[in-house]
Amino acid sequence: MKTEISLKRPTILLNPGPVTLSERVRRKFLEEDLCHREPEFAELVLDIKARLRRVYLEAESEYEAVIFTGSGTCAVEAIFQSLAPRKGKTLVIANGVYGERIASMLEVQGKPFALVKSPWPEPMNFGEAERLLQTDLSITHVAAIHNETTTGRLNDLDALGALCRKYGKPLLLDTVSSFAGEEIRFAEWNVAALASVANKCIHGAPGICFVLARKDLLESGKTEATSLYLDLFKMYKEQKTGFSPFTQATHICVLLQEALKELEEMGGWQTRRSRYRQIANRIRRAFIDFGLELFLPEESYCSMLTSFKLPAGRTYEQIHDALKAAGFVIYAGQAGLYHSIFRIANMGDILDSDVEHLVEAMAALLTE
Ligand SMILES: *Cc1c(COP(=O)(O)O)cnc(C)c1O
């Protein structure tokens, strides 16, 4: 548990990325500028790729990391550009904004897909997914979101992985809001490729995203991409030397390396998940005591985000503005959920004292 006293705290970001940076990572911005064509940058990229591979020991020998300059969506789209087939069909199983976004990507790319869509508060519909896997023989790949940030539901990837293995379908996975903060079982879930980003559970700054994909796939597969920038195979090949065909967010890479070092030194994803759980529990217990209600059954939540029902008679803006005045940024519900929920993420460099201040600010707001 962190106990250091910090006199002046920055605004604490309780939105699901970007996150509040640690001092250690933030200070890296004060170092020298880096050119993406110089050997020291290539060395940095090779180190980042190696560190990304070993966040999960299981991935280290069989997966390779490829980095892109862009937000999380960029890495997700690189996967679907490069790996989703034009001849076969991708089965997308969605229960939120991000799952449905994968279907939108395939639609704009003109690639065949089948969408099994659940209402956002619901779990994935495995019954319908299995029915399609049995009957639609053109399905070649399965796509899903690990932690559906729309609600904070940690999807049941053990169940989905079992289906992928049973029907022999590679899984293309969005772990944008779970990588480094939840368990990922690469073999059990039949993961061919996953996408994530520097500025969520890794605690880096926004601007760099990455794909971890099976090395044999990257070596032997051929691209389905109709985009030059998002071609995973091209990027993988060129990045073997640490160089990239296009300018990378060099400064953000420096911060990412530091964030990965910090993650490793603090005990890796397991320690990070325990810390997230500790903070999330404190917030959930306190808010429930104040009479707020969770949007999902408590056991469905991930470690890094909670969705609460908006209390009667309060708008999102009222809660947002009062907490912002107290030094916290929270997050609204998306689309149809805007008027029914608010979200509190708990990634980033958050101290126990920050959490206590948040709880006090919420208590003050609800009793005024
Ligand atoms: C944050 C997030 C993304 C990517 O969003 P960007 O705004 O492009 O960074 C994708 N999927 C999930 C599940 C996310 O939480």
Distance alone, cut at 3.5 Å: any donor-acceptor contact between the side chains of [X] and [Y]?
| X | Y | answer |
| --- | --- | --- |
| Arg284 | Thr306 | yes |
| Ser307 | Tyr301 | yes |
| Gln248 | Ser244 | yes |

With heavy-atom distances below 4.5 Å as the criterion, would you say the side chains of [X] and [Y] are in contact?
| X | Y | answer |
| --- | --- | --- |
| Glu122 | Lys117 | no |
| Ile67 | Leu52 | yes |
| Arg185 | Asp158 | yes |
| Leu133 | Leu91 | yes |
| Arg343 | Ile330 | no |
| Met266 | Arg275 | no |

- [ ] Identify which one of Val76, Ile79, Leu218 satisfies the side-chain contact (heavy atoms from CB on, under 4.5 Å) criterion when paired with Val211.
- [x] Ile79

- [ ] Run the ring-centre check on Phe342 versus Tyr316 and record whether the distance is less than 6.0 Å.
- [x]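 No, ring centres 6.0 Å or more apart.
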
Open item on the list: Does the structure place the NZ or CZ of Arg53 under 6.0 Å from the centre of the six-membered ring of Tyr63, at an angle of no more than 45° from the ring's axis?
Closed with: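 No, Arg53 does not lie over the aromatic ring of Tyr63.
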
Open item on the list: Angle between ring planes, Phe68 versus Tyr229, binned at 30° and 60°: parallel, tilted or perpendicular?
Closed with: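 Phe68 vs Tyr229 ring planes: tilted.
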
TODO: Please work out whether the ring planes of Phe179 and Tyr56 are parallel, tilted or perpendicular, with thresholds of 30° and 60°.
DONE: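 Answer is perpendicular, since the angle exceeds 60°.
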
So with a 6.0 Å cut-off around [atom1] of [X], is the heavy-atom count from everything else above 12?
| X | atom1 | value |
| --- | --- | --- |
| Glu32 | CD | no |
| Glu43 | CD | no |
| Lys261 | NZ | yes |

- [ ] State the CG-SG distance between Leu44 and Cys253, to the nearest 0.5 angstrom.
- [x]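 Answer for the CG-SG pair, Leu44 versus Cys253, is 5.5 Å.
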
- [ ] Using a strict 4.0 Å threshold on nitrogen-to-oxygen distance, state whether Glu258 and Lys28 make a salt bridge.
- [x] yes

- [ ] Indicate yes or no: does Glu64 engage Lys240 in a salt bridge with an N to O separation below 4.0 Å.
- [x]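 Looking at Glu64 and Lys240, the cut-off is not met.
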
Open item on the list: Please tell me whether Leu194 and Leu256 are part of a single hydrophobic cluster in this structure, the criterion being side-chain heavy atoms less than 4.5 Å apart.
Closed with: yes

